[in-house]
Amino acid sequence: QVQLVESGGGSVRAGGSLTLSCAASGKIDGISARSHTLGWYRQAPGKQREFVASISKGFRPIYADFARGRFLISRDNARVTVDLEMNRLKPEDTGVYYCKRAYDEDDICAFGDWGQGIQVTVFS
């Protein structure tokens, strides 16, 4: 069945970098994650989940304002993974990061599945 397994979280000092990875597996109506939009959301303590970045089947990236210029999303369709490279991290980047697979070629907002979430902590 479908799985989204995140890795790469941890603690880092402000100004540092972390790279998150998400391995997507399983087919929906015969379609693998290679043909679906993949992305990342995050949720800080006491706050709602918010969009971070996404990348379409055609490799079109979209970034939240806070991520643009600092974060880089990429996908590897051979490994069926999506990565989020996070640079110049700030304490406000702290939260649980979730991988999402949307059942659409270019819209991360479409119905899909979520990973379990991984903790990212940025300390000053």
Side-chain angles (χ1 to χ4, degrees):
Q1 192 53 272
V2 297
Q3 288 190 83
L4 294 167
V5 181
E6 302 108 330
S7 62
S11 297
V12 63
R13 187 176 295 277
S17 299
L18 283 175
T19 298
L20 307 179
S21 294
C22 175
S25 62
K27 293 183 177 181
I28 300 295
D29 294 330
I31 305 298
S32 79
R34 294 182 180 90
S35 296
H36 287 151
T37 305
L38 302 171
W40 293 90
Y41 289 70
R42 71 184 187 185
Q43 187 168 18
K47 302 188 68 176
Q48 288 191 285
R49 191 174 301 183
E50 64 180 347
F51 170 77
V52 178
S54 67
I55 185 165
S56 70
K57 171 187 176 180
F59 299 93
R60 179 175 69 101
I62 298 176
Y63 296 95
D65 287 343
F66 64 80
R68 190 174 299 107
R70 291 194 297 134
F71 296 1
L72 180 65
I73 191 167
S74 61
R75 65 188 295 160
D76 183 339
N77 280 353
R79 299 168 55 223
V80 200
T81 58
V82 57
D83 289 357
L84 183 69
E85 179 184 324
M86 303 185 291
N87 302 302
R88 301 189 302 281
L89 284 161
K90 306 172 182 178
E92 53 262 44
D93 293 319
T94 294
V96 178
Y97 283 68
Y98 298 88
C99 180
K100 184 187 179 183
R101 171 184 179 176
Y103 301 148
D104 189 274
E105 292 187 353
D106 58 14
D107 184 11
I108 193 64
C109 295
F111 176 83
D113 290 305
W114 297 88
Q116 179 180 327
I118 49 172
Q119 179 69 39
V120 171
T121 301
V122 184
F123 58 91
S124 59

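Computation of the quantities below employed the complete heavy-atom set of this structure, encompassing side-chain atoms and omitting hydrogens, waters and symmetry-equivalent molecules.
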Using the side-chain hydrogen bond (donor to acceptor under 3.5 Å, both in side chains) rule, pick out the option among Arg101, Lys100, Lys57, Glu105 that qualifies with His36.
Arg101

Connected via hydrophobic side-chain network under 4.5 Å: Trp40 and Val122
yes

Could you check if a side-chain atom of Tyr97 sits within less than 4.5 angstrom of a side-chain atom of Glu6, using non-hydrogen atoms only?
no

Spell out, as yes or no, whether a donor-acceptor pair under 3.5 Å connects the side chain of Thr37 to the backbone of Asp106.
yes

Pairwise side-chain contact, Val82 with Ile55, heavy-atom cut-off 4.5 Å (strictly under)
yes

Can you tell if the side chain of Ile108 reaches within under 4.5 Å of the side chain of Tyr41, non-hydrogen atoms only?
yes

Does Met86 reach the side chain of Val52, with side-chain heavy atoms less than 4.5 Å apart?
no

How many angstroms lie between atom CH2 of Trp114 and atom CZ of Arg49, to the nearest 0.5 angstrom?
5.0 Å

Establish whether Val2 and Ile31 are linked, either directly or via other cluster members, by ILVMFWY side-chain heavy-atom contacts under 4.5 Å.
no

Return yes when atom CD of Gln3 has more than 12 non-hydrogen atoms of other residues, nucleotides or ligands closer than 6.0 Å, and no otherwise.
no

Note, Phe123 side chain near Pro91 side chain (heavy atom, < 4.5 Å):
no

So for atom CZ, which belongs to Phe59, do other residues, nucleotides or ligands contribute more than 12 heavy atoms lying within a distance under 6.0 Å?
yes

Taking atom CD of Gln116 as the centre, does the number of heavy atoms from other residues, nucleotides or ligands within less than 6.0 Å exceed 12?
no

Side-chain donor-acceptor pair under 3.5 Å between Ser17 and Asn87, yes or no?
yes

Scan residues 42-76 for pairs that pass disulfide bond (SG atoms under 2.5 Å apart), counting only residues two or more places apart or in two chains.
none

Same apolar cluster (I L V M F W Y, side chains within < 4.5 Å links), Val80/Leu4
no

Is there a path of hydrophobic side-chain contacts, each under 4.5 Å between heavy atoms, that joins Leu38 and Ile62?
no

Which pair of non-hydrogen atoms, one from Arg75 and one from Arg34, has the smallest distance, and what is that distance?
NH2-O, 3.4 Å

Taking side chain as C-beta onward, heavy atoms only, is Pro61 less than 4.5 Å from Ile73?
yes

Pairing of Asp65 and Arg68 as salt bridge, 4.0 angstrom limit:
yes

Taking the side chain as everything from C-beta on, heavy atoms only, tell me whether Phe66 gets closer than 4.5 Å to Glu92.
no

Heavy-atom closest pair (Ala110 atom, Ala102 atom, distance to 0.1 Å) is O-CB, 3.7 Å

Side chain to side chain, Leu72 and Tyr63, heavy atoms closer than 4.5 Å
yes

Please identify which of these residues, Ile118, Thr81, Asp83, Leu84, meets the side-chain contact (heavy atoms from CB on, under 4.5 Å) condition with Ser21.
Asp83

